[in-house]
Undergrad: 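The structure follows.
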Amino acid sequence: MLRLDCLRAIYSELESSLVVTIMGAVAAELHSLGHRPNFFYLQHAMGLASSTGLGLALCLPEQTVVVIDGDGSLLMNLGSLSTMARYRPRKLVHIVFDNESLLSVGGFPTATSTGTDLEGIARAAGVPRVMTVQSVESFKAAVNDTMLGSELTTIIAKVEAKGPAAYVTDLSLLENQFQFRRYIQSLGKR
Amino acid sequence: MPVSLINSKLIYDALKECDIRLLSALPETWLVHLVRLSDDDPDMILVRLAKEEEGVGVSAGAHFAGVKSAMLMQNHGFLASINGIVSFAHLYKIPLLMLISYRGSLGERDPWQTQGGNVTEPVLRALGIPYFSLDAVDTVKKRIRQAQTLADSSLQPVALLLTRDLMWEE
């Protein structure tokens with residue numbers, strides 16, 4: 001399963017959500033499908049995409065927030081699972097692309113390649129709904145189901161360690177930040 | 001426990017007057033009353049963290065949502081948050097109001113706090129973070145308001161050091 005195919009499969013579902021991604025392949029690939037003002041790419045601060053999604057979800061409880069995380073980033077901030085589980089915002093969707101690798105720095109294997117089980121960790125941290133998917137179809141179905149439901153969910157998607165040719169996009173970090181915030185402010189005025 | 005309830009309340013009320021609606025916190029001795037006050041306040045979103053750096057992300061999310069927030073942490077928690085501060089708050093120009101208990105400074109009895117006390121201000125300076133002390137009752141309210149104003153206008157982290165003179169009664 002390729003991450004890009006997964007992102008393509010849910011791209012249209014992301015239209016009305018607030019989306020926070022990690023850096024690297026996830027950001028570059030989502031951007032390559034077409035940037036939207038409701039996408040924020042956290043191009044550093046590994047581990048904090050989920051914390052950012054939590055802050056958004058706690059402040060905007062009626063808004064669907066989708067965090068697109070990765071195994072390397074999540075392993076840097078496993079405590080975030082326990083904090084998310086503590087408050088379990090109903091409309092927070094936590095997707096973790098697990099390619100068992102720190103791909104963008106040369107593909108060094110992460111601990112998920114030697115048996116660390118992110119689904120088990122998320123479950124034991126208290127995340128109420130956790131699943132692992134292995135195919136694009138089951139990924140799409142899991143995301144769709146989660147968006148219809150009302151329970152904090154972590155979806156671990158096992159993907160190949162393949163990424164884009166380049167990681168830098170033409171969207172400056174500040175432009176992205178200001179645009180994302182302005183987009184959210186505009187929601188309140190509709 | 002001689003942590004000043006009166007001065008904790010003073011700080012808390014000043015935060016409320018600044019329209020702070022979310023606090024992230026990792027408890028430590030000097031912060032117990034502040035954490036309890038926020039926990040008892042139905043209008044405050046209190047986020048109890050596993051590690052302080054998470055609070056940078058949580059506050060960024062709140063900022064995106066248009067909600068004013070502050071972080072409550074010990075200086076060792078500040079030290080544990082540096083990457084988040086640099087590679088999120090500074091990189092993306094996110095206002096952060098950080099209330100940092102200044103352990104390990106003059107009068108500290110706990111040996112384990114002393115090294116952090118030595119490096120707190122030098123690290124704040126190295127990071128270019130404007131910081132001020134909350135050390136006297138009559139300036140608490142004004143300094144919190146001014147720090148929040150500066151964080152918002154400059155889109156950057158601003159630190160307030162909670163000092164022994166203010167927090168501790170004995």
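Predicted model, so just to flag it, every value in this text is computed and none were measured. Here is how names work: the chains are called A, B, and so on, in the same order as the sequence lines, proteins then strands, and each is numbered from 1.
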Undergrad: Provide the closest heavy-atom pair for Leu48(A) versus Glu54(B) in the form atom of the first, atom of the second, distance.
TA: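 Result for this residue pair: CD2-CA, 3.9 Å.
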Undergrad: Evaluate whether atom CZ of Arg125(B) has more than 12 neighbouring non-hydrogen atoms of other residues, nucleotides or ligands under 6.0 angstrom away.
TA: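 Yes, because the 6.0 Å sphere around CZ of Arg125(B) holds more than 12 heavy atoms from other groups.
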Undergrad: What part of Leu91(B) is in contact with chain A, defined as an atom under 4.5 angstrom from a non-hydrogen atom: side chain, backbone, both or neither?
TA: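 Both backbone and side chain of Leu91(B) come within 4.5 Å of chain A.
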Undergrad: So which of Asn83(B), Ile45(B), Val47(B) has the biggest tally of heavy-atom pairs under 4.5 Å with chain A?
TA: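 Ranked by contacts with chain A, first place is Val47(B).
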Undergrad: Can Ile10(A) be reached from Phe39(A) by stepping across I, L, V, M, F, W or Y side chains whose heavy atoms are under 4.5 Å apart?
TA: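 Yes: a chain of side-chain contacts under 4.5 Å links Phe39(A) to Ile10(A).
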Undergrad: With chain A, which of Lys93(B), Glu53(B), Arg48(B) has the greatest number of heavy-atom pairs at distances under 4.5 Å?
TA: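 So the answer, after comparing Lys93(B), Glu53(B), Arg48(B), is Arg48(B).
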Undergrad: Non-hydrogen atoms of chain A under 4.5 Å away: do they reach the side chain of Lys51(B), the backbone, both or neither?
TA: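 For Lys51(B), neither part sits under 4.5 Å from chain A.
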Undergrad: In the structure I gave you, are the side-chain heavy atoms of Gln177(A) and Ile94(B) within less than 4.5 Å of one another anywhere?
TA: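 When only atoms from C-beta onward are counted, Ile94(B) and Gln177(A) do touch, with a gap below 4.5 Å.
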Undergrad: Report the option among Arg86(A), Met46(A), Gln63(A) that has the most heavy-atom pairs separated by less than 4.5 Å from atoms of chain B.
TA: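 Top option by heavy-atom pairs under 4.5 Å: Arg86(A).
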Undergrad: Is there a path of hydrophobic side-chain contacts, each under 4.5 Å between heavy atoms, that joins Val65(A) and Ile156(A)?
TA: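 Yes, one cluster joins them.
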Undergrad: Non-hydrogen atoms of chain A under 4.5 Å away: do they reach the side chain of Val67(B), the backbone, both or neither?
TA: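 Side chain only.
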Undergrad: Shared ILVMFWY cluster between Leu118(A) and Met84(A), side chains joined below 4.5 angstrom?
TA: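 Per the 4.5 Å side-chain linkage, Leu118(A) and Met84(A) are co-clustered.
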Undergrad: Is Arg21(B) in contact with chain A via its backbone, its side chain, both, or neither, using a 4.5 Å heavy-atom distance?
TA: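 For Arg21(B), no heavy atom lies under 4.5 Å from chain A.
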Undergrad: So, taking the atom named CD1 in Ile184(A) and the one named NE2 in His63(B), what distance separates them when rounded to the nearest 0.5 Å?
TA: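 Reported to 0.5 Å precision, the distance equals 9.5 Å.
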Undergrad: For Lys16(B), does the NZ atom sit with more than 12 other heavy atoms under 6.0 Å from it, leaving out its own atoms?
TA: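 More than 12 within 6.0 Å, yes.
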Undergrad: Just so I understand: if I count every heavy-atom pair under 4.5 Å between each of Ala50(B), Gly55(B), Ala65(B), Gly66(B) and chain A, which residue has the most?
TA: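 Greatest number of close heavy-atom pairs with chain A: Ala65(B).
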Undergrad: Heavy-atom distance under 4.5 Å to chain B: side chain of Leu54(A), backbone, both or neither?
TA: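 Just its side chain gets close to chain B.
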Undergrad: Are Val66(A) and Val127(A) connected in the hydrophobic side-chain network, where two residues link if heavy atoms are under 4.5 Å apart?
TA: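 No; Val127(A) is not reachable from Val66(A) via cluster members.
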Undergrad: Can you tell which part of Gln43(A) gets under 4.5 Å to a heavy atom of chain B, answering side chain, backbone, both or neither?
TA: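 Both parts, heavy atoms under 4.5 Å.
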Undergrad: Should Val58(B) and Tyr87(A) be marked as a side chain to side chain contact (heavy atoms under 4.5 Å, CB included) after you check the CA-CA gap, both sets of side-chain angles, and the distance that decides it?
TA: CA-CA 12 Å; Val58(B) 170; Tyr87(A) 299 97; over 6 Å; no
Undergrad: Is it the case that more than 12 heavy atoms not belonging to Ile6(B) sit under 6.0 Å from its CD1 atom?
TA: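 Atom CD1 in Ile6(B) is not crowded, with 12 or fewer foreign heavy atoms closer than 6.0 Å.
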Undergrad: Apply side chain to side chain contact (heavy atoms under 4.5 Å, CB included) to the pair His90(B) and His44(A), showing each step before the final yes or no.
TA: CA-CA 11 Å; His90(B) 280 160; His44(A) 213 316; over 6 Å; no
Undergrad: Between Ile85(B) and chain A, with a heavy-atom cut-off of 4.5 Å, which part of the residue counts as in contact: side chain, backbone, both or neither?
TA: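 Ile85(B) has no heavy atom closer than 4.5 Å to chain A.
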Undergrad: Examine Ile22(A) and Phe40(A) and state if one hydrophobic cluster contains both, with Ile, Leu, Val, Met, Phe, Trp and Tyr joined whenever side-chain heavy atoms are less than 4.5 Å apart.
TA: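 Looking at the clustering, Phe40(A) is in a separate group from Ile22(A).
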Undergrad: Mind checking whether Phe180(A) and Phe64(B) have parallel, tilted or perpendicular rings, split at 30° and 60°?
TA: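 Answer is perpendicular, since the angle exceeds 60°.
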Undergrad: Take a 6.0 Å sphere around CD of Glu160(A) and say whether it holds more than 12 heavy atoms from other residues, nucleotides or ligands.
TA: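 Yes, enclosed.
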